[in-house]
Amino acid sequence: MKRNLLAVSFCLLGYWVSGQSGISGELKTEYIPFSRYIRPEDSVKTNSKSNFKRADLNLSIPLSVKKDSSGKVKAWSLLLSGSYAKMAHKDYEKQLFPDQMLNAQAGIQHIRPLGKKWSMMMTATVGVYTDLEQISSDDILGQGGILFIRHFNPNLALGGGPVLTTAFGVPMILPWIYFDWKTNGKIKFNINFPEGMEAGYLFSDRFALKAVVNLSGMTVERNKDGKSMLLGYQQITAGIRPELKLNDKLSLRLTGGTALLRSFNENDRKIKSIFKEKKMDDPKFASTFYAAVSLRWNLP
């Protein structure tokens, strides 16, 4: 649960850290066909099945962008993001998982240099995390954090800092790590934790082929027996991604591969739930095909 909430809030940071001077965004759709539900109490692969379809829209709108004499960026940006997922279920004795999930949030991000080798990033977001059955103030969750990043060279950066979240009902501080590594030349390797990693070959300025592994998730608040609970969905996908740069402002990504893991977990909104030892595995689904299409843009 902890990792899922932070991934939802901060997966954009690595993408926007360069401080774009124009509006940047990504529209992405994902599809995972029906796969069999694995019962947590005995790990039996049942005849029950669920699929997963999701649309994501992420926007970064610069409010103020300045560069110092060395070309380093000092920027304020408005972050807007929304994810809508729809699931269909077959042959369940009772409803276990939501039919819909919506995560929508808005936030402010600030990036500034701290000397020659360091930079600082601050982010604060607030959003609605709901299964759309009953929307209330319990569905509103806040996150915020400050990261200090050490730039060892243009291709390697490592950072860390505290994150404040209200996901568990009371404000609490959790750690977060930023790690970004790229190689020179036509062979590219990039790690952006917790979003994922990729390795690929740049055939030309307009076409690249990459092998990718990605971690993503969603969180919804729902009422269960009169108690506010948080349900987290996680997925790990791996595949091949051809990337085509359509022009200087627009690029297209197509991904085909495997959904290695899809799982749900549920906790009440108490700090002790983070440290509670699980008595059984989380509900999950068998591996199956995965496909995604995304369109990215960066306006001047």
Checklist entry - Asp139 versus Tyr129: any side-chain heavy-atom pair under 4.5 Å? => result no

Next on the checklist: Please determine whether the number of non-hydrogen atoms from other residues, nucleotides or ligands lying under 6.0 Å from atom NZ of Lys188 exceeds 12.
Outcome noted: yes

Checklist entry - Which residues pass the salt bridge (charged side-chain N to carboxylate O under 4.0 Å, His left out) test with Lys210, sequence neighbours left out? => result Glu198, Glu243

Checklist entry - Is any side-chain N of the basic residue among Glu26 and Lys28 closer than 4.0 Å to the acidic one's carboxylate O? => result no

Next on the checklist: For the CG atom of Leu209 and the CG atom of Leu244, what is their distance to the nearest 0.5 Å?
Outcome noted: 12.0 Å

Next on the checklist: According to side chain to side chain donor-acceptor pair (under 3.5 Å), who are the partners of Thr255, at least two apart in sequence or on a separate chain?
Outcome noted: Arg241

Checklist outcome for this item: Distance col, row Asn190:CG vs Trp181:CH2, nearest 0.5 angstrom, shows 10.5 Å

Next on the checklist: Test of understanding: clusters of I, L, V, M, F, W, Y form through side-chain heavy atoms closer than 4.5 Å, transitively. Do Leu63 and Leu80 belong to the same one?
Outcome noted: yes

Checklist entry - Do you reckon Tyr92 sits in the same ILVMFWY cluster as Tyr233, going by side-chain contacts under 4.5 Å, direct or chained? => result yes

Checklist entry - Under the side-chain contact (heavy atoms from CB on, under 4.5 Å) criterion, do Lys284 and Arg262 qualify, and how do the steps go? => result CA-CA 5 Å; Lys284 58 186 178 181; Arg262 290 195 296 147; over 6 Å; no

Checklist entry - Thr288 versus Asn51: any side-chain heavy-atom pair under 4.5 Å? => result no

Checklist entry - For the atom pair CD1 (Ile32) and NZ (Lys53), what is the distance rounded to the nearest 0.5 Å? => result 12.0 Å

Item to check | Test log, rule side-chain contact (heavy atoms from CB on, under 4.5 Å), inputs Ile108 and Thr123 | outcome: CA-CA 6 Å; Ile108 294 290; Thr123 299; over 6 Å; no

Next on the checklist: A quick test of your reading: do over 12 heavy atoms of other residues, nucleotides or ligands sit less than 6.0 Å from NZ of Lys72?
Outcome noted: yes

Next on the checklist: Using side-chain contact (heavy atoms from CB on, under 4.5 Å), reason through Met101 and Met87 one step at a time and then give a plain yes or no.
Outcome noted: CA-CA 9 Å; Met101 294 183 285; Met87 298 183 69; 4.2 Å; yes

Checklist entry - Roughly how far, to the nearest 0.5 Å, is the CD atom of Gln100 from the NZ atom of Lys86? => result 4.5 Å

Checklist entry - Does any non-hydrogen side-chain atom of Leu156 lie less than 4.5 Å from one of Arg150? => result no

Next on the checklist: In the structure I gave you, are the side-chain heavy atoms of Pro242 and Phe207 within less than 4.5 Å of one another anywhere?
Outcome noted: yes

Next on the checklist: Quick check: is Ile38 connected to Tyr290 through a chain of hydrophobic side chains (ILVMFWY, heavy atoms under 4.5 Å apart)?
Outcome noted: no

Checklist entry - Between Tyr201 and Phe203, what is the ring plane arrangement, given parallel below 30°, perpendicular above 60°, and tilted in between? => result perpendicular

Checklist entry - So, for Gly161 and Leu147, which heavy atoms are closest and what is the spacing to 0.1 Å? => result N-CD2, 3.6 Å

Item to check | Heavy-atom check, side chain of His89 versus side chain of Asp99, under 4.5 Å | outcome: yes

Checklist entry - Which residues satisfy the side chain to side chain donor-acceptor pair (under 3.5 Å) test with Gln134, sequence neighbours excluded? => result none

Checklist entry - Do the side chains of Thr130 and Val220 get nearer than 4.5 Å, heavy atoms only? => result no

Next on the checklist: Side chains of Asn298 and Ser24: any donor to acceptor distance under 3.5 Å?
Outcome noted: yes

Next on the checklist: For Tyr31 together with Phe52, are the ring centres under 6.0 Å from each other?
Outcome noted: no

Checklist outcome for this item: Here the salt bridge (Lys or Arg N to Asp or Glu O under 4.0 Å) pairs for residues 54-63, sequence neighbours left out, are Glu30-Arg54, Arg54-Asp56

Checklist entry - Under 6.0 Å from the CG atom of Asp205, do we count more than 12 heavy atoms belonging to anything else shown? => result no

Item to check | Asn47 side chain reached by Arg36 side chain, heavy atoms, under 4.5 Å | outcome: yes

Next on the checklist: Rounded to the nearest 0.5 Å, what separates atom CG in Leu59 from atom CD1 in Ile61?
Outcome noted: 5.5 Å

Checklist outcome for this item: Residues pairing under ring-ring contact (aromatic ring centres under 6.0 Å, His included) where one sits in residues 93-117, two or more places apart or in two chains, turn out to be Tyr37-Phe97, Trp76-His110, Phe97-Phe264, Phe97-Phe285

Checklist entry - Can you name the closest pair of heavy atoms from Ala208 and Leu202 and give their distance? => result CB-CD1, 3.9 Å

Checklist entry - Closest approach of Ala75 and Val65, non-hydrogen atoms and distance? => result CB-CG2, 4.1 Å

Checklist entry - What are the two closest heavy atoms between Ser83 and Met218, and how far apart are they? => result O-CE, 3.4 Å

Next on the checklist: Measuring from atom CD1 of Ile236 to atom OG1 of Thr258, what distance do you get when rounded to the nearest 0.5 angstrom?
Outcome noted: 12.5 Å

Next on the checklist: Can you confirm whether more than 12 heavy atoms, excluding those of Asn247, are under 6.0 Å from its CG atom?
Outcome noted: yes

Checklist entry - Under 3.5 Å, is there a donor-acceptor pair between the side chain of Ser48 and the main chain of Asp91? => result yes

Next on the checklist: Hydrophobic clusters here meaning ILVMFWY residues chained together by side-chain heavy-atom distances under 4.5 Å, can you tell me if Leu27 and Leu78 are in one?
Outcome noted: yes

Checklist entry - What closest approach, in Å, do Pro98 and Leu231 show between heavy atoms, and which atom pair accounts for it? => result CD-CD2, 3.5 Å

Checklist entry - Is the NZ atom of Lys186 crowded by more than 12 outside heavy atoms at less than 6.0 Å? => result yes

Checklist entry - Does CD in Glu133 sit with more than 12 non-hydrogen atoms of other residues, nucleotides or ligands closer than 6.0 Å? => result no

Checklist entry - Is there a path from Ile187 to Ile240 through hydrophobic residues (I, L, V, M, F, W, Y) whose side chains come within less than 4.5 Å of each other? => result yes

Next on the checklist: Can you confirm whether more than 12 heavy atoms, excluding those of Gln95, are under 6.0 Å from its CD atom?
Outcome noted: yes

Checklist entry - Is there side-chain contact between Asn103 and Val128, with at least one heavy-atom pair below 4.5 Å? => result no

Checklist entry - Who else is in the cluster with Ile146 when I, L, V, M, F, W and Y are joined by side-chain contacts under 4.5 Å? => result Leu114, Trp118, Met120, Met122, Phe148

Checklist entry - After noting the C-alpha distance and the side-chain angles of Leu230 and Thr219, does the key distance pass the side-chain contact (heavy atoms from CB on, under 4.5 Å) rule? => result CA-CA 7 Å; Leu230 290 177; Thr219 297; 4.3 Å; yes

Item to check | Nearest atoms (heavy-atom pairs only) where Arg222 meets Leu96 | outcome: NH2-O, 3.5 Å

Next on the checklist: For Gln143 and Thr125: C-alpha separation, side-chain torsions, deciding distance, then whether side chain to side chain donor-acceptor pair (under 3.5 Å) applies.
Outcome noted: CA-CA 5 Å; Gln143 333 267 339; Thr125 64; 5.6 Å; no

